[in-house]
Each structure stands twice: as C-alpha cells, then as structure tokens.
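Computation of the quantities below employed the complete heavy-atom set of this structure, encompassing side-chain atoms and omitting hydrogens, waters and symmetry-equivalent molecules. Below, chains carry the letters A, B, ... as their sequence lines are ordered, and counting in each starts from 1.
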2 protein chains.
Amino acid sequence: MKKAEATRLAILQKAFELIYVKGYQTTSIDDILASTQVTKGAFYYHFRNKDEMGVAIINELMNPVLMSSFIEPLKKVEDPLEAIYNLMHNLLMENEFLKVEYGCPAANFTQEMTPWNADFSKILNELTQQWIKVMSAAITKGKEKGYVRKDVNAKQVTMFVMSGYWGVRNFGKLENSKKPYLAYLKELKAYLDSLK
Amino acid sequence: MKKAEATRLAILQKAFELIYVKGYQTTSIDDILASTQVTKGAFYYHFRNKDEMGVAIINELMNPVLMSSFIEPLKKVEDPLEAIYNLMHNLLMENEFLKVEYGCPAANFTQEMTPWNADFSKILNELTQQWIKVMSAAITKGKEKGYVRKDVNAKQVTMFVMSGYWGVRNFGKLENSKKPYLAYLKELKAYLDSLK
DNA sequence: TGTAAAAAATACCAATCAGTATCTTTTATG
DNA sequence: CATAAAAGATACTGATTGGTATTTTTTACA
C-alpha cells in the first residue's frame with residue numbers, strides 16, 4: 001500500500017497546480033489525468049468524484065501549508081506588530097510557493113467556490129477563522145505586554161490587515177507585478193506603527 | 001431598430017446577473033438563453049461569441065456603474081479622507097446593487113479571468129488604474145489643503161485602502177455576512193484619522 | 001506459492017458546451 | 001405596398017464534460 005498512496009498524492013499535487021493556475025471549474029479531470037499519466041480508473045478508485053478530490057486538496061495540501069506559513073508564525077511571538085509585518089512580507093515577497101500571477105490559492109478557491117458550493121465554503125471559512133483567531137490573540141497579548149496601544153481593537157485590526165492581504169493579491173494578479181505588494185507593505189508598516 | 005437594442009440589453013443584463021452569482025465560466029450561453037427567452041440565433045446575431053459578450057458586459061454595464069459609484073464620488077471633494085470613508089461605507093453597507101453573498105463583480109471578474117484571459121484583464125486593469133488615479137489625486141489635493149498630513153504617500157494609501165476593500169468583500173462572501181464589513185469600516189476610520 | 005482484495009486500465013455513456021448553417025419573420029424605407 | 005436588410009428561430013455539429021461498467025494487473029499475506 002505504498003505505490004497507491006503515491007498515485008493519490010500525485011493526483012492531488014498536479015490537480016492543485018492546475019487549479020491554482022486555471023481555476024477549479026476549468027480544470028477538468030481529463031486535464032489532470034493527461035498531466036499525471038494516471039488513468040480514469042485509478043482516479044475514481046481514489047476519489048468518489050471531482051469535488052471529493054477538491055476537498056482533499058484543501059484538507060491535505062493547503063491546510064498544512066496554511067498552518068505552517070500563515071498561522072504558526074503568529075504563535076508565541078513577542079511583538080505582534082513586528083510579527084504581522086514580517087509574515088506579510090514573507091507571504092508577498094519571499095514565499096516561492098505563492099506566485100504573483102496566480103494570486104493566493106486560498107483566496108482563489110474562496111472567490112470561485114463561494115457561494116455555489118457550501119462544502120468548500122465551510123472548510124475555507126474554518127481555516128480563515130483560525131487565522132483570525134490566532135492573529136487577534138497575538139495582538140491582544142501584545143496589548144498586555146505594551147507592544148500595542150490599549151485602545152486598539154484586536155479583531156478590527158485583524159480584519160483590516162487580512163482584508164488588505166487578500167485584496168492586494170488581486171492587484172498583483174491583475175497587474176502581474178509585485179509593485180502593488182511593495183506599496184501595500186510600506187503603508188502596512190506605517191499603519192502598524194500607528195498602533196504602537 | 002428599437003426592439004433589437006432591447007434584446008441585446010436583455011441578454012447583457014441577464015448574463016451579468018447570472019455571472020455575478022455563478023461566475024463567468026460556469027454560466028453557459030444556454031443558461032442565458034433559457035432565462036431570457038432569447039434564441040441562439042438572436043444571441044449570435046448580437047455577439048460574435050461568448051467572450052465578446054463578456055467584454056460588452058464590462059464596457060456597457062459595469063463601466064458606467066464603476067464610474068458613477070466608485071470614481072465620481074472622489075472627484076472634486078474637499079476632505080478626501082472623509083470622502084473615502086463615505087465611499088467605502090456606501091459601497092459596503094448601502095449599495096443595493098452589490099450583494100454581500102456574491103462579492104464585488106469587478107473583483108470577481110478579475111479573480112476569475114486573470115491570468116488566462118488577457119483581453120478581460122486589460123480592460124479590468126484600466127478601470128482599476130482609473131480608480132487608483134482619482135483616489136490618489138484626491139489625497140494629494142487634500143495634502144495641499146491641509147486635510148492630510150504632508151508626509152503621507154498618496155499612492156500607498158490608495159493601494160492600502162483599495163486592497164482592503166477588495167479583500168473584505170471576500171470575507172463577507174465567505175461568511176455570508178456584513179459583520180466583516182463593519183469591523184473593516186471601523187478600523188478604516190481609525191486608520192484614516194491617523195493620516196490627518 | 002496461491003489467492004483474494006487492492007489498484008489500475010480500458011472503453012464507454014449521456015449530458016452539456018460553444019458555435020454554425022439554414023431558414024423564417026420582422027422592420028425600415030423607397 | 002414592395003423589398004431588401006435586419007433580427008430572430010430552429011436544428012444541428014463536433015468536442016468536452018464528469019462519471020460508470022467491466023476487465024486486467026498488481027499487491028499483500030496466509
């Protein structure tokens with residue numbers, strides 16, 4: 001039962017790549033099969049249907065990356081404002097996994113699948129809520145430690161910052177350039193400084 | 001030549017509605033025909049193909065609304081910070097044209113069509129650049145008039161604010177609630193005040 | 001090594017897609 | 001009112017879609 005797991009993973013990984021570039025709906029199962037050399041029999045042995053594969057991509061590929069790249073960096077940090085800026089800088093400028101011309105996979109999925117697919121929305125919303133929770137907890141702790149002004153609303157700041165991230169991904173995609181990222185990051189720094 | 005224009009407009013309007021809800025790729029021409037009682041012959045008399053219809057939707061339906069709702073309110077304003085806040089409040093909370101569960105039509109289009117369709121991207125990018133231009137011009141003028149601090153970077157602020165708008169639309173869509181909008185708007189106000 | 005279950009291959013299906021060819025009706029204008 | 005062009009209706013095409021039924025190969029293990 002080793003090779004079977006390998007084909008399953010090959011399907012998921014290639015499907016993710018194609019979906020990240022072309023979108024979920026326009027990536028056909030035949031596309032995936034053609035670029036993996038996997039046959040239809042094998043595909044439908046591993047997944048009941050296309051949507052089950054989509055859910056597996058979110059749970060088994062995207063979730064771990066989101067945890068390690070988006071959420072973990074915000075846990076147990078001293079200065080939350082510094083941590084948030086570094087996180088955003090990493091995600092936008094350094095992370096080689098996230099390509100400017102294709103945007104953010106999680107945002108793409110959300111945009112495309114919501115509201116017509118409730119299953120996908122639910123999973124994606126749970127992931128997002130986790131991110132919100134961790135970021136606002138970091139800010140709250142930062143208030144206690146004196147890194148953040150007492151009158152700052154942690155949840156509001158979180159929504160503000162995260163919205164900016166998702167939105168600027170759209171701009172980068174549209175212009176196919178990292179220029180919007182740079183402008184966003186500079187102003188993000190100025191904004192975060194105003195919370196000290 | 002009056003009724004013909006009416007059918008053409010009927011196609012565009014219904015197609016826009018369907019695309020706003022379901023997305024461009026998943027809205028088939030047959031879907032549009034079924035919900036308009038227009039026949040295929042009529043459709044292909046008015047549009048060479050599906051993409052030409054898509055471009056017409058952007059140019060003839062979305063463009064005028066974007067001009068009047070997004071761009072005009074920023075022209076010839078006294079206090080740009082106040083104007084920006086009012087604009088965002090209007091777009092997110094009052095505009096009955098933009099439904100929370102379906103997000104922002106322009107953002108949806110951008111997300112879905114970029115990068116695989118260069119024509120769509122180009123038009124959408126031009127519209128976006130217009131918005132950027134007008135907003136940053138308003139801020140620059142606001143600096144001269146003393147409404148905005150001199151050390152504020154107009155272009156950066158514009159990118160920051162617009163990114164937030166596009167991003168928070170995604171959150172509203174995902175949660176199917178205006179709650180994220182309220183948090184975003186409150187923090188937007190605090191941020192804009194920090195620019196005074 | 002024999003064998004049953006797991007895994008994969010092959011060939012097919014009905015539905016749907018964007019688009020076309022051809023024919024009919026409606027409209028504007030002399 | 002005649003008539004040509006505009007507008008619309010009908011029936012079809014080939015390609016592609018997600019999915020299924022059936023058969024073959026591979027694997028694990030007694």
So, are B:Lys145 and B:Glu78 salt-bridged, with charged N and O less than 4.0 Å apart? yes

Using ring centroids (six-membered ring only for Trp), state whether A:Tyr165 and A:Phe171 fall under 6.0 Å. no

In whole Å, I'd like the distance from the CZ atom of B:Arg48 to the P atom of C:dT20. 10 Å

To the nearest Å, how far apart are A:Glu52 CD and D:dG19 P? 10 Å

Can we say B:Arg8 and B:Glu60 salt-bridge, meaning some charged N sits less than 4.0 Å from an Asp/Glu carboxylate O? yes

Consider the side chain of A:Ala4, meaning its heavy atoms from C-beta on, and name the nucleotide among C:dA8, C:dG19, D:dG8 that approaches it most closely. C:dA8

Taking the six-membered ring of B:Tyr24 as reference, does the NZ or CZ atom of B:Lys50 fall below 6.0 Å from its centre and within a 45° cone about the axis? yes

Separation of C:dG19 C1' from B:Met53 CE (nearest whole Å): 14 Å

Of residues 17-42 of chain A, the positions that come close to DNA chain C - non-hydrogen atoms, cut-off under 4.0 Å: A:Thr39, A:Lys40, A:Gly41, A:Ala42

For C:dA8, does OP1 or OP2 lie under 4.0 Å from any side-chain N or O of A:His46? yes

State whether A:Lys122 and A:Asp119 are salt-bridged, where the test is any N-O pair (Lys NZ or Arg NE/NH1/NH2 against Asp/Glu carboxylate O) under 4.0 Å. no

Given atom CZ of A:Phe47 and atom C1' of C:dA8, what is their separation to the nearest angstrom? 14 Å

How many Å lie between OH on A:Tyr44 and P on D:dT22, as a whole number? 17 Å

Using a 4.0 Å heavy-atom cut-off, does A:Phe43 contact any base of the nucleic acid, only the sugar-phosphate backbone, or nothing at all? nothing

Run the salt-bridge test on B:Glu144 and B:Lys141 with the 4.0 Å N-O cut-off and return the result as yes or no. no

